[in-house]
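Note that these values count all heavy atoms, side chains included, but never hydrogens, waters or copies made by symmetry. Chain letters run A, B, ... following the sequence lines, proteins first and then strands; every chain starts at 1.
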Amino acid sequence: MSTILTSADDASDEMVETLLKDLTDQEFRERYDCDRFTATVLANRLRYSVQHVVTGLLHRAFSPIIALCYDFAACICAPPEQNYAMSAVTNGLSIFLGTMSAGVKVAVEEYGPENLRPGDLLVCNDVYRMGNHYNDVCFIRPVFHGERIAGFIALRAHQLDVGGIAPGGFSASKHNIYEDGLSISPRLLYREGKPVRETFSLIFDNVRMAEVMLPDFHTMQGCCTLGEELLQETIERYGVEAVLGTMRYSNDASAESMRRAFAAMPDGDYSASGSLDADGVDADEEYRVHLVLRKRGTRVEADFSGSSRQARTCINAGALDTKTAVGVSLKMLLSPGSEFTSGTFRDIDLVIPPGSMVGALPPDGAVFCYYEVSALINTVMLRALGGVLGDAALGGDFGAAYVHNAYGAHPDGTPWLCAAMAGGEHGPRGGSNAGDGDGQSCSYVFNLMSPATESLEQDFPLRIMQREFVPDTAGAGAHRGGASVVKDVLYTQPAQHQTISLRFRQPAGVGVGGGDDGALGGVWIFGQDGAATTGAETFVAMDEGVYADAVAVAGTMDPQTQVPDLDGEYFYYGRVPAWNTAPGATWRYRTDGGGGWGDPLDRDPERVKRDVRDEYVTIAGAERDFGVVITGDPHTDPEGLQIDVAATEKLRASRRHA
Amino acid sequence: MTGTGLIGVDVGGTFTDIVAIADGRIETVKVATNVAESYKAVLEGASEVDVASASAFNHASTHGLNAIITRRLPKVAFLTTEGHRDVLDMARAWRPGEANTDPRWRRSFGDVTAPIVPRYLRRGIRERLGADGTTVVRLDEEQARAELRILAHCGVEGVAICLLHSYVDGRHERRLRELVREEIGDVAISISSEVSPLAREYPRASTTVIDVLMKRIYGPYTRELAAGLDGLGFTGDLNFADCAAMLAPVDVAMERPSRVVFSGPAAGTVACAHLGSLIGEPNLICTDIGGTSSDISVVTGGKPFVNTTFELEHDLVVNTLSNEIVSVGAGGGSIVGITPTGEVRVGPESAGADPGPACYGRGGSAPTTTDTFLMMGILDPDRFAAGRSRLDPELARVAFEKLETNAPLAERVRVAYRMALNNVAEGIVDVLVKNGVDPRDHALVAYGAAGPMMLPALLDQMHVKSVIVPPHPGLFSALGLVSADQVYADSRTSYAVLTPDAAGDIDALYQDMEAAMTRSFGREIEGVTFHRSFDGQLMGQVWETPFVDVPDGTITPDAVQQMIANFHDAYEARSGNRFEEMPVQGVTYRLTATVPTAKVDYPAPAPRPAGETLQPRTHLTLHHLDDGDITAAEYERDDLRGGDVVEGPAVIREPMSTTFVPSGLTARVGGVGEIVITRGATR
């Protein structure tokens with residue numbers, strides 16, 4: 001038996017074949033209750049109105065993950081009679097894009113739209129109703145026009161804590177929903193603009209750091225109110241029918257863009273798979289996502305049959321997360337210029353096995369690290385379509401979020417917790433027809449800011465000793481991927497740590513079109529039992545000789561040298577529930593490298609020389625990976641490098657004929 | 001002898017605008033910018049006005065900004081703490097919202113695109129301070145010298161130094177500067193603890209790099225300029241405008257030239273603020289519509305909105321006070337196109353100056369907003385840009401006919417017109433919402449070549465009080481340079497919770513800044529006003545609320561209490577929430593000193609003699625408006641007198657600009673020659 005999700009909004013089956021651009025003025029007006037010009041104008045206006053909902057949030061939030069990392073999104077959804085279709089969404093976190101539309105419908109239907117009044121604010125965070133994880137709390141404001149609901153403003157933002165066994169929530173080891181956090185079913189947080197005491201009490205009696213979260217709740221109520229005012233002004237000026245018509249139009253325009261992109265792709269079955277390293281119980285089982293993308297005519301079906309059973313701890317995703325990842329990945333690959341709405345999903349069908357890692361079920365299919373599954377689905381999609389897309393294929397990114405939690409107590413006894421900021425959150429992207437991949441970004445499906453080294457060191461007993469690119473780690477290609485990022489974090493006080501490193505067993509940076517995969521990364525601890533906290537010896541060298549004496553935490557490595565090696569042994573991040581370190585210990589995260597695009601032997605030797613000059617590629621790497629022979633000393637005489645043209649031509653010719 | 005005249009010079013990418021004020025008269029000169037040696041065009045223009053009798057020569061230039069955008073940059077090196085040399089490539093890691101799901105987006109200044117400093121010239125230096133300023137790793141001078149010798153061999157012309165935590169203590173940076181002098185010699189050097197002693201390494205590093213680049217770009221230029229002005233007999237003050245259009249004496253500006261990297265558009269905002277003070281309009285929405293974009297800014301209570309940072313490109317940050325200016329891709333050159341779903345889109349792509357709009361006849365095949373206004377009959381093909389070039393309506397028509405849509409020609413032009421206006425309107429509303437500004441209290445100032453032609457029509461869709469077309473709208477930004485004050489600015493970061501105990505430290509900080517600033521005046525100045533403010537945050541927040549007032553005089557425990565109260569008031573006014581129970585953390589302390597500065601005075605237009613009435617020069621037929629073809633009166637701005645009234649539809653022409661007053665609107669000539677357009681007829 002499978003869960004089959006079909007299109008998210010209403011209009012699919014009755015969709016007329018006439019392209020939007022070919023509609024006559026009369027037809028356009030009949031369908032959308034306004035003229036084409038007004039629909040264009042209003043569609044833009046809805047998009048920027050919803051952007052303003054979150055403008056204030058970034059700068060006023062206390063929750064560091066909102067304030068530093070942009071972990072939120074807002075959208076405008078249509079009224080119940082238009083099936084809550086999401087018509088505009090912020091440019092925030094893309095893995096919220098698809099869950100919010102479905103989530104608003106579920107929450108409002110359950111609460112009953114007839115029970116809502118102007119000024120209400122619904123709150124809900126249940127992952128099985130709304131996707132994402134419990135920390136992502138959704139706030140929903142109905143917007144009334146007279147007696148009737150004209151739409152909804154919804155805001156979803158990561159909260160510092162929602163209870164459960166892990167402070168802050170970030171953990172790969174929670175076994176079930178009871179350990180995962182407080183599940184808030186749809187209920188009123190504000191009634192006609194006034195706080196509802198029992199809801200506030202329910203939430204704040206069950207979470208940590210409530211004093212910091214409370215002002216964020218007030219701020220979010222303010223953000224939703226601003227969004228409502230903007231929508232009200234628009235309705236007042238253009239009329240409610242034009243606004244509702246524009247909501248339909250926005251969805252139709254997205255759907256048409258996707259449909260055209262599907263039509264341009266050859267019919268066929270495209271399949272690929274990829275895996276998360278292990279759950280929080282043991283390393284015996286890799287969790288595999290298997291995808292068959294069946295494309296026929298103007299529709300696609302994403303079939304996840306054959307994917308692994310749901311994991312025993314919370315590295316699973318819910319069906320809505322899977323839906324979102326498919327929509328985001330397909331839009332990214334095929335129609336990057338179109339606007340994201342519920343209509344984006346109209347011609348995508350999904351087959352999601354219930355009780356699998358891509359459709360986990362309560363109470364035992366706990367969901368926290370769903371974003372890791374989202375990123376993995378994206379990798380699998382890049383791999384599945386790598387061949388058929390030709391030049392438009394994309395090299396893979398470094399794959400995941402590699403979250404690190406560190407905590408301890410200051411000498412005066414006050415606790416500190418550094419969550420999701422001192423691991424491997426940022427790394428390279430893949431090569432593409434646009435050129436080489438960037439070195440420092442979030443993976444394709446996230447877009448979070450990187451906190452400043454100086455801010456982290458001001459707030460926590462740690463020092464970021466290194467944050468640099470690693471030579472010879474980028475997937476070689478005509479356009480190479482970005483290079484791996486090494487991040488060394490020295491802790492000056494005793495500390496405990498957990499790492500959620502789920503993509504170090506196999507390289508995430510898929511190469512496409514003859515390009516190479518990016519290098520495999522890993523996690524190590526240097527000086528776990530204590531080391532110097534001052535002096536030059538606090539720097540850990542980059543060369544591969546340093547790893548033998550370190551503690552290998554995560555990754556496939558040579559068991560002796562502990563250098564990443566595809567033929568090596570897998571070191572399991574969860575073999576110790578909490579890693580203890582003494583002052584002076586340094587954690588190193590080395591991300592996977594980005595995947596290359598196109599044949600490395602086609603790369604212009606001058607560009608290879610530039611990479612050698614810039615120490616992205618070594619002289620040996622230039623010869624091995626690109627077939628380019630370069631002489632000189634990049635570090636001491638970077639401008640004196642020479643390409644041995646004859647040797648390069650000879651070497652490349654022999655490789656091509658090999 | 002120094003006279004009383006004022007000269008403002010705005011060096012743009014294509015033209016250099018010069019305004020000279022003498023004896024109440026405004027003289028304007030426009031010369032082609034000499035891109036290779038831009039001081040020459042400035043001197044050429046200056047020689048056409050009376051430089052010798054001017055008391056001040058105030059200067060703004062896009063030269064430095066253009067060098068960065070085009071990456072035609074001097075070769076400079078970047079030194080930072082070992083392990084962090086990629087801070088300039090990594091920036092803050094985030095992509096702009098519009099590229100959220102664009103996998104091909106790449107950072108514009110990254111190593112794989114066009115870095116400001118290539119990686120091999122970015123070198124890690126073995127040293128480390130802790131967050132409290134203590135030494136964690138001592139500066140390894142041998143290692144530093146070895147790296148510097150390599151950079152010397154590469155022939156770098158400048159060195160930017162930004163070490164971790166140097167905003168707390170700059171001793172390693174200062175020592176490293178000495179080593180640079182010894183190993184590389186007399187090259188430009190900027191160190192972050194002097195350029196921008198603020199927390200967060202990336203913006204500080206980026207600012208320091210921009211600073212050293214500006215030293216190389218503007219240093220030789222200012223020497224040539226000063227010498228040339230000397231030669232023309234100029235004996236007054238040479239000032240540079242900065243990103244907030246505050247003037248700084250050239251020597252002061254060149255000590256920290258990151259401050260002047262983006263000075264042109266900011267001057268426009270200040271021109272508006274000054275005009276507003278003369279005509280009693282303290283609340284203004286300033287909109288400068290040029291060829292490629294509309295630059296929108298806000299003046300409230302007579303003061304521009306000021307930011308503490310500025311982005312040259314997405315995430316390419318400079319820490320400097322800057323007038324908040326939002327650029328929307330809507331200008332005269334914005335290209336009209338049809339999307340795959342049949343929507344008419346105008347911009348953000350622009351035909352630029354070359355090939356330019358289709359009607360320029362320089363090979364542009366796509367219709368633009370200029371073509372739209374030409375098709376409508378609002379632009380006069382024979383009088384564009386002071387008659388320097390003729391526009392060809394036939395080419396505009398052909399371009400519109402080539403669009404892939406079923407709509408008839410008239411419909412295409414009409415929708416392109418409405419969409420062009422709508423884009424500007426949405427851009428303006430966006431700025432207003434973001435800043436919490438109510439348009440009903442504000443007048444819209446229309447300038448730039450295309451502003452007066454486009455903006456009056458927005459009175460139909462925006463609830464602004466009026467649209468004001470200032471005197472000389474085509475080079476109004478340059479007038480900002482003779483509307484500004486001379487301002488000295490300094491700031492320091494020091495994280496501390498505001499409690500009575502903090503008073504001593506804050507006081508010491510201000511005494512230090514005030515002493516340093518007084519020294520930099522180099523002379524006694526009468527009438528200087530100091531203003532203090534701080535950027536603070538509620539304990540636990542990471543983004544500051546900037547510009548909260550700080551009391552004058554000695555900072556006592558009472559003064560700290562006042563700062564806390566001021567913070568809560570400012571926070572509530574800006575965010576709508578008040579969290580009085582939460583402690584306030586002071587982050588950055590700011591000081592400005594404003595020196596009284598002479599400004600332009602616009603001459604009052606002569607009144608119309610009794611019995612005489614304003615007559616249009618002719619009547620025109622305008623096409624493609626909502627109400628079909630209409631007849632409009634055409635006036636010359638030179639013919640207007642104080643108190644004159646013009647009923648729309650009407651077109652008012654002047655050499656560098658055209659004002660279009662649509663039907664149902666009324667224009668009146670105000671006290672300094674400004675045209676004030678409001679809704680409704682006079683009768």
Is it the side chain or the backbone of Thr219(A) that comes within 4.5 Å of chain B heavy atoms, both, or neither?
both
Atom of Arg85(B), atom of Glu468(A) and distance for their closest heavy-atom approach
N-OE2, 2.9 Å
Using heavy-atom distances under 4.5 Å, tell me whether Phe539(A) contacts chain B through its side chain, its backbone, both, or neither.
side chain
For Thr538(A), is it the side chain, the backbone, both or neither that has a heavy atom under 4.5 Å from a heavy atom of chain B?
side chain
Can you tell me which portion of Ala541(A) sits under 4.5 Å from chain B's heavy atoms? Options are side chain, backbone, both or neither.
neither
Pair Glu615(A) + Arg119(B): basic N to acidic O under 4.0 Å:
no
Chain B contact via Phe28(A) - side chain, backbone, both or neither, heavy atoms under 4.5 Å
neither
So which bits of residues 131-143 of chain B come within less than 4.5 Å of chain A, counting non-hydrogen atoms only?
Ala131(B), Val136(B), Val137(B)
Atom group of Tyr249(A) that falls short of 4.5 Å from chain B, counting heavy atoms
side chain
Roughly how far, to the nearest 0.5 Å, is CD of Glu457(A) from CG of Leu129(B)?
10.5 Å
Does Arg467(A) use its side chain to pair, donor to acceptor, with the backbone of Val87(B) at less than 3.5 Å?
no
Residue selection (most heavy-atom pairs with chain B, distance under 4.5 Å) from Arg237(A), Met542(A), His426(A), Glu537(A):
Arg237(A)
Using a distance-only test with no angle check, is there a side-chain donor-acceptor pair under 3.5 angstrom linking Glu639(A) and Tyr120(B)?
yes
So, the part of Arg36(A) with a heavy atom under 4.5 Å from chain B: the answer is side chain
I need the Asp614(A) CG to Asp86(B) CG distance, nearest 0.5 Å.
9.5 Å
Arg107(B) backbone acceptor or donor facing Asp438(A) side chain under 3.5 Å
yes
Which region of Arg429(A), side chain (C-beta onward) or backbone (N, CA, C, O), has a non-hydrogen atom less than 4.5 Å from a non-hydrogen atom of chain B, or is it both or neither?
side chain
What part of Ser335(A) is in contact with chain B, defined as an atom under 4.5 angstrom from a non-hydrogen atom: side chain, backbone, both or neither?
neither
Interatomic distance, Ile150(B) atom CD1 to Thr636(A) atom OG1 [nearest 0.5 angstrom]:
5.5 Å
Given a strict heavy-atom distance threshold of 4.5 Å, which part of Thr453(A) is in contact with chain B: side chain, backbone, both, or neither?
both
Is it the side chain or the backbone of His218(A) that comes within 4.5 Å of chain B heavy atoms, both, or neither?
both
Below 4.5 Å from any heavy atom of chain B, which atoms of Val486(A) appear? Answer side chain, backbone, both or neither.
neither
Value for OG1 (Thr101(B)) from OH (Tyr444(A)), rounded to nearest 0.5 Å, stands at 13.0 Å
Closer than 4.0 angstrom, basic N to acidic O: yes or no for Lys21(A) and Glu404(B)?
no
Check the side chains of Arg95(B) and Ser441(A) for a donor-acceptor pair under 3.5 angstrom, ignoring hydrogens and angles.
yes
Separation between OG of Ser455(A) and CD of Glu201(B), rounded to the nearest 0.5 Å:
7.0 Å
What pair of heavy atoms forms the shortest contact from Arg104(B) to Ser432(A), and how long is it?
CG-OG, 3.6 Å
Chain A contact residues among residues 336-346 of chain B, heavy-atom distance under 4.5 Å
Pro340(B), Thr341(B), Gly342(B), Glu343(B), Val344(B)
Quick check on Asp22(A) against chain B: is it the side chain, the backbone, both or neither that has a heavy atom closer than 4.5 Å?
both
So, the side chain of Glu454(A) versus the backbone of Arg200(B): is there a donor-acceptor pair under 3.5 Å, distance only?
yes
For the residue pair Arg123(B) and His635(A), confirm or rule out a side-chain donor-acceptor distance under 3.5 Å.
yes
Structural part of His479(A) lying under 4.5 Å from a heavy atom of chain B:
neither
Shortest non-hydrogen pair, Pro96(B) vs Asn447(A), comes out as O-ND2, 4.3 Å
